Amino acid sequence: MKKDTLIVVMPVYNEQDCIASVAEKWCAELEKLSESCDYTLHIYNDGSKDRTWQVLQSLPKDHLVLHDKPNSGHGPTILQAYKELCGKADWLFQTDSDDELSPEYFPLLWEKRQDYDFLCGNRGSYNQPLPRKLISAVSRLSVRVLFGKKVTDVNNPYRLMRTEVFSPLFAKIPQNAFAPNVILSGLASLKGNRVRVYEIPVVPVSRRTGEVSIKKWKLFRAAVRSFFQTFLAALPEARGIWIFIGVILLSLFLKALSGTIGTNFDYESYTIVKEIVKKGGNVYAETSRYNYGPVWFYTLHFLDSIPFLSFRAALIGFLALCDTATALLLWKIKLRLPALLFLLSPIGIYISGFHNQFDNFAILFALCAVLVLSDRETFPKEIRTLQAGEEPPPPETEELPLFRLLAGSLLLGISLCIKHIFIFLPFWFFVSAKGKRAKCVLLFLPLFLFGASFLPFVWSELFSPALHDNLCQTGKQLLVGNFRYTLRGFLAALRQDSPALYGICKNILVYKSFDNKILYNYILPGIFRLGIIPKILFVGGMIFSGFLFRKRSFFFQFLAYTGLLIILTTALTNQYLAIPQIFTSVFYWPFGLLYNLSGILFYCKNPMATYNRTLYFLAPLLLLCVFAWISRRRIAKALRKFADILEK
C-alpha cells in the first residue's frame with residue numbers, strides 16, 4: 001500500500017530549553033505511524049536570540065529538516081512554510097514548539113484523514129489570561145460572521161491539512177498576515193470551498209519553559225491587526241458581497257439622516273435653478289447662483305420630475321447612487337476595503353446628505369474615463385507598492401486603441417461638463433500619454449466638449465451687434481494700453497447686452513469663492529510667499545504636478561489630482577473636502593483614515609456650519625501627510641543623498 005507523505009511544520013523562537021525534547025517526542029510519535037506515513041519534520045527557526053539554533057543543529061538529522069530565517073513573527077513564518085512546502089507532500093501538519101499540545105493526539109487525526117480535508121484540535125475553554133480569552137472570542141466570532149462556523153478553535157496550532165485542497169487557499173493569504181491560521185479557518189468554513197472539517201478535543205498543558213512573546217499592549221495591537229486582516233480576507237469571498245451591500249445601505253441611511261438637519265445655500269440655489277429650467281429659461285442669464293456646466297441643472301430638473309419623491313429625497317438618493325457607483329468600480333478593480341471606506345467616510349456622508357454638493361457626480365465620470373484608458377489589472381499592485389512607500393515601476397505605456405482613447409476622452413469631457421474640477425487633468429494626461437494622436441485627443445477633446453456645452457445658451461448672443469461693438473471697444477482700449485479697463489469694461493457691457501455670456505464668464509470662468517488661500521496663508525513658509533500671487537501658485541502647482549507624476553499610471557494621476565487640488569486651491573469650503581475622499585480611501589493608512597474621520601468632530605459640533613477654518617487648515621495638512629507617507633522611502637533616500645553631499 002502506498003504511504004501518504006506528511007510534512008510537519010514547527011516554527012520556533014527562543015525555545016532552547018525545550019525544543020530538543022519536543023522534536024524528539026514528535027519524531028517518536030510519528031515513527032509509530034511509519035507503515036502509513038512517510039514523514040518529515042521541518043523546523044523553522046524564526047531568528048531566535050538564544051541558543052535555539054545551536055541546539056537544533058545538534059539534533060539527529062533523520063526525518064528532520066532545519067530552516068534558519070530572519071525574525072518575521074509566528075504567523076509569517078508558518079505561512080512561508082505552508083507556501084514553500086505545500087507541493088512536496090500530500091499532507092501538512094502544523095504545531096507549535098512550546099510543548100503545550102502533546103503529539104499523542106495526532107494519531108486520532110491521522111486515522112480519519114481519508115474522509116476529511118482539514119483535521120484539527122479544539123482546545124475548548126482552557127485556562128488562559130482574560131485578555132487572551134477575549135481575543136480568542138473575538139477571533140471566533142469574526143470567523144463565524146465573516147465566513148461560517150465549521151471550525152470552532154479558529155487559531156488552534158494543531159491542524160492537519162490536505163495540500164491538494166489548501167494549496168489555493170494558501171495563495172489567498174498575504175505574506176504579512178499576523179494570524180494566517182485564523183484566516184485559513186475562515187476559508188475552510190466557507191461553503192463554497194467545500195472543505196470537509198473534523199475536530200477532536202485536545203487538552204493543552206501549561207508552558208513549562210520560555211515565555212509568551214506577545215503580551216499587554218502588543219497583544220491588543222496584534223488582535224486588531226488580526227481582525228483587520230481577517231476582514232480583508234473575507235471581502236473577495238461570497239460573504240464579502242453581503243458586507244458590501246450592508247455598507248451601501250448603511251451609507252444611504254446615514255446620508256438620508258444627515259439630510260434631516262436642514263437646508264443650506266447650495267440647496268436653495270438648486271431650487272432656483274430647477275424652476276428656471278422648468279419654465280424654459282436660460283440659467284446662465286437669469287441667476288448668478290449657478291457656477292457649473294449645463295449637465296447638472298438638467299439633472300436637477302429630472303430629479304424634480306420624479307413622482308412619489310420630494311426634490312430633496314431624490315437629490316440625496318441620486319448623490320448616494322453616485323457614491324455607490326464609484327464604490328462599485330473600486331470593488332470591481334479589487335480595491336475592496338477602499339470601496340467600503342469611501343462609502344463610510346463621514347465627510348462624504350455629510351457633503352452628499354446635508355450639503356447636496358455633486359462633486360462625486362463629476363468624480364464618477366472621471367473615474368470611468370481612467371478605467372477605460374488604463375490597464376485595470378495593475379491597479380491593486382501599484383496601490384500596494386505605493387502604500388508600502390516603495391516606488392512602483394513605470395507603467396508599460398502602449399499607444400491606446402482609438403475607440404478606448406475616444407471613449408475615455410468623452411467621459412472626461414462629460415465630467416468637466418458636470419463640474420470642471422478636473423480642468424487640469426487633460427493636460428496631465430497629455431504629458432504622460434504615448435503617441436501624438438493620444439496626446440492631442442486627451443488634451444483637446446475634453447476641453448472642446450466643455451467649451452461646446454455652453455454654446456446652446458449663448459448662440460443667439462454670439463452674433464448680436466452689441467457683442468460686436470463690445471469687442472471693438474475692448475480692442476481699442478488694448479491698443480492704447482488701457483489694460484485695467486479691458487476686463488471690467490468688457491464684463492460691464494456683456495452684463496447689459498449678453499447676459500448669458502456674461503453669466504458664464506463671471507460665474508464660471510472667473511468665479512471666486514471664499515478665496516481663503518489656506519496653503520498660501522497658513523502652511524507655506526513666509527519666505528516662499530514673497531512675490532508669489534496665490535492664483536499663480538495654484539495654476540503653476542497644478543501644471544508642475546502633471547510633469548511630476550507623468551511616469552505614473554492614469555489611475556494614480558487621477559487620485560493624486562484630487563488631493564493636490566485641495567492642497568493648492570485658493571478657495572476651500574466644506575463641499576470641496578469631498579473631492580479627495582477617493583484618494584484618502586485608497587491610501588487609507590494612516591493619514592487617509594485620519595482625513596476621512598477628521599470631519600466628525602467639527603460636523604458634530606456645528607452641523608449647520610458652512611465655514612470651518614480649523615478643518616480647512618487640517619485637511620491640506622493631512623493630504624500632504626498622505627503624499628509624504630506614500631513617498632517616504634523616496635524622501636528618505638533623497639535626504640540621505642543630500643546629507644552625503646553636505647558631508648563631502
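Every value quoted in this text rests on a predicted model; they were computed, and no experiment measured them. Residue numbers start at 1 and run along the sequence shown.
- Interatomic distance, N574 CG to N264 CG, rounded to the nearest 0.5 Å: 9.0 Å.
- Under the 4.5 Å side-chain criterion, counting only non-hydrogen atoms from C-beta, R336 is in contact with P236.
- At least one donor-acceptor pair closer than 3.5 Å links the side chain of W428 to the backbone N or O of M542.
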- side chain to side chain contact (heavy atoms under 4.5 Å, CB included) evaluation trace for V247 with L250: CA-CA 5 Å; V247 170; L250 177 60; 5.5 Å; no
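- For the pair R632 and W629, the cation sits on the ring face: its NZ or CZ lies under 6.0 Å from the ring centre, inside 45° of the axis.
- In summary, of the residues considered (I579, L623, I421), a side-chain contact (heavy atoms from CB on, under 4.5 Å) with T562 occurs for I579 alone.
- Using a 4.5 Å cut-off on side-chain heavy atoms (C-beta onward), V273 and V283 make contact.
- Not a single donor-acceptor pair under 3.5 Å links the side chain of Y595 to the backbone N or O of V626.
- When every heavy atom of S258 is checked against every heavy atom of I349, the shortest pair comes out as OG-O, 3.5 Å.
- Taking both residues in full, the closest heavy atoms of G348 and Q581 are given as CA-OE1, 3.1 Å, listed atom of the first, atom of the second, then distance.
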- Message: What verdict does the side chain to side chain contact (heavy atoms under 4.5 Å, CB included) test give for L364 and L329, after you've listed the backbone C-alpha separation in whole Å, the side-chain angles of each residue and the deciding distance to 0.1 Å?
- Response: CA-CA 9 Å; L364 173 60; L329 292 174; 3.9 Å; yes
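- Taking the six-membered ring for Trp and the full ring otherwise, the centers of F558 and F429 sit at least 6.0 Å from each other.
- Qualifying ring pair (Phe, Tyr, Trp, His ring centres under 6.0 Å) partners for W331, counting only residues two or more places apart in sequence or in other chains: F244.
- The nearest pair of heavy atoms linking N176 to R225 is O-NH2, 2.9 Å.
- Residues meeting the salt bridge (charged side-chain N to carboxylate O under 4.0 Å, His left out) test with D304, sequence neighbours left out: K274.
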- Item | Verdict with reasoning, F318 to F361, per side chain to side chain contact (heavy atoms under 4.5 Å, CB included) | CA-CA 9 Å; F318 176 80; F361 190 17; 3.7 Å; yes
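- Legend: residues meeting side chain to side chain donor-acceptor pair (under 3.5 Å) with R634, ordered by chain and number and at least two apart, are E391.
- The shortest distance between side-chain heavy atoms of L565 and P580 does not fall below 4.5 Å.
- With rounding to the nearest 0.5 Å, the separation of CD1 in I363 from OH in Y561 is 10.5 Å.
- Side chains of N516 and Y522: no donor on one and acceptor on the other come within 3.5 Å.
- Using a distance-only test at 3.5 Å, with no hydrogens or angles considered, no donor-acceptor pair links the side chain of Y298 to the main chain of V277.
- The minimum heavy-atom distance between S269 and R289, with the atom names listed, is OG-NE, 3.0 Å.
- The backbone N or O of P392 sits nowhere less than 3.5 Å from a side-chain atom of T385 that would complete a donor-acceptor pair.
- Q387 places a side-chain N or O within donor-acceptor distance of the main-chain N or O of W589, the cut-off being under 3.5 Å.
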Check residues 439-455 and write down every donor-acceptor pair under 3.5 Å in which the side-chain atom is one partner and the other belongs to a residue at least two apart or another chain.
unit_1, atom_1, unit_2, atom_2, d
K439, NZ, F430, O, 2.8
K439, NZ, V431, O, 3.3
K439, NZ, A433, O, 3.1
S453, OG, F450, O, 2.6

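- Panel note: side chain N291, backbone N507; a donor-acceptor pair is recorded below 3.5 Å.
- Although no hydrogens or angles enter the test, the distance criterion places no donor-acceptor pair under 3.5 Å between the side chain of S631 and the main chain of A628.
- Not a single donor-acceptor pair under 3.5 Å links the side chain of S345 to the backbone N or O of F342.
- Atoms OH and CG, on Y588 and L335 in that order, are 9.5 Å from each other to the nearest 0.5 Å.
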- Message: side chain to side chain contact (heavy atoms under 4.5 Å, CB included) for R633 and K637? Distances and angles first, verdict last.
- Response: CA-CA 6 Å; R633 295 190 182 181; K637 184 178 179 181; over 6 Å; no
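- Centroid-to-centroid, the aromatic rings of Y267 and F354 stay 6.0 Å apart or farther.
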- Message: Y576 vs Y616, test: ring-ring contact (aromatic ring centres under 6.0 Å, His included). Steps then yes/no.
- Response: CA-CA 10 Å; Y576 298 161; Y616 299 161; 8.9 Å; no
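- Screening residues 416-427 for side chain to side chain donor-acceptor pair (under 3.5 Å), with sequence neighbours left out, gives Q357-K419, D359-K419.
- Looking only at distances, a side-chain donor or acceptor of S305 sits under 3.5 Å from a matching main-chain atom of F302.
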- Message: Applying ring-ring contact (aromatic ring centres under 6.0 Å, His included) to F178 and F227, what does each step give before you reach the verdict?
- Response: CA-CA 9 Å; F178 177 80; F227 171 78; over 10 Å; no
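- Taking CZ from F379 and CZ from F556, the interatomic distance works out to 12.5 Å, rounded to the nearest 0.5 Å.
- Among the candidates S374, S432, S545, the single residue satisfying the side-chain hydrogen bond (donor to acceptor under 3.5 Å, both in side chains) test with Q557 is S432.
- A heavy-atom distance below 4.5 Å is found between the side chains of F358 and Y292.
- If you look at F583 and F587, their ring centroids are closer than 6.0 Å.
- For the atom pair CZ of F427 and CD1 of I543, the computed distance is 6.0 Å after rounding to the nearest 0.5 Å.
- Between the side chain of Y284 and the backbone N or O of Y290, no donor-acceptor pair lies under 3.5 Å.
- Among residue pairs with one or both ends in residues 320-329, those qualifying as side chain to side chain donor-acceptor pair (under 3.5 Å) are K255-D323, D323-S352, D323-N360; sequence neighbours excluded.
- Within the 4.5 Å cutoff, no side-chain heavy atoms of T614 are placed close to those of F617.
- Aromatic pair F538/F424: ring centres closer than 6.0 Å.
- In terms of heavy-atom proximity, Y270 sits nearest to L315 at CD1-CD2, 3.7 Å.
- Put simply, CD1 on I582 and CG on L341 are 12.0 Å apart, with the number rounded to the nearest 0.5 Å.
- For the residue pair P620 and L572, the shortest heavy atom distance occurs at CG-CD2, 4.1 Å.
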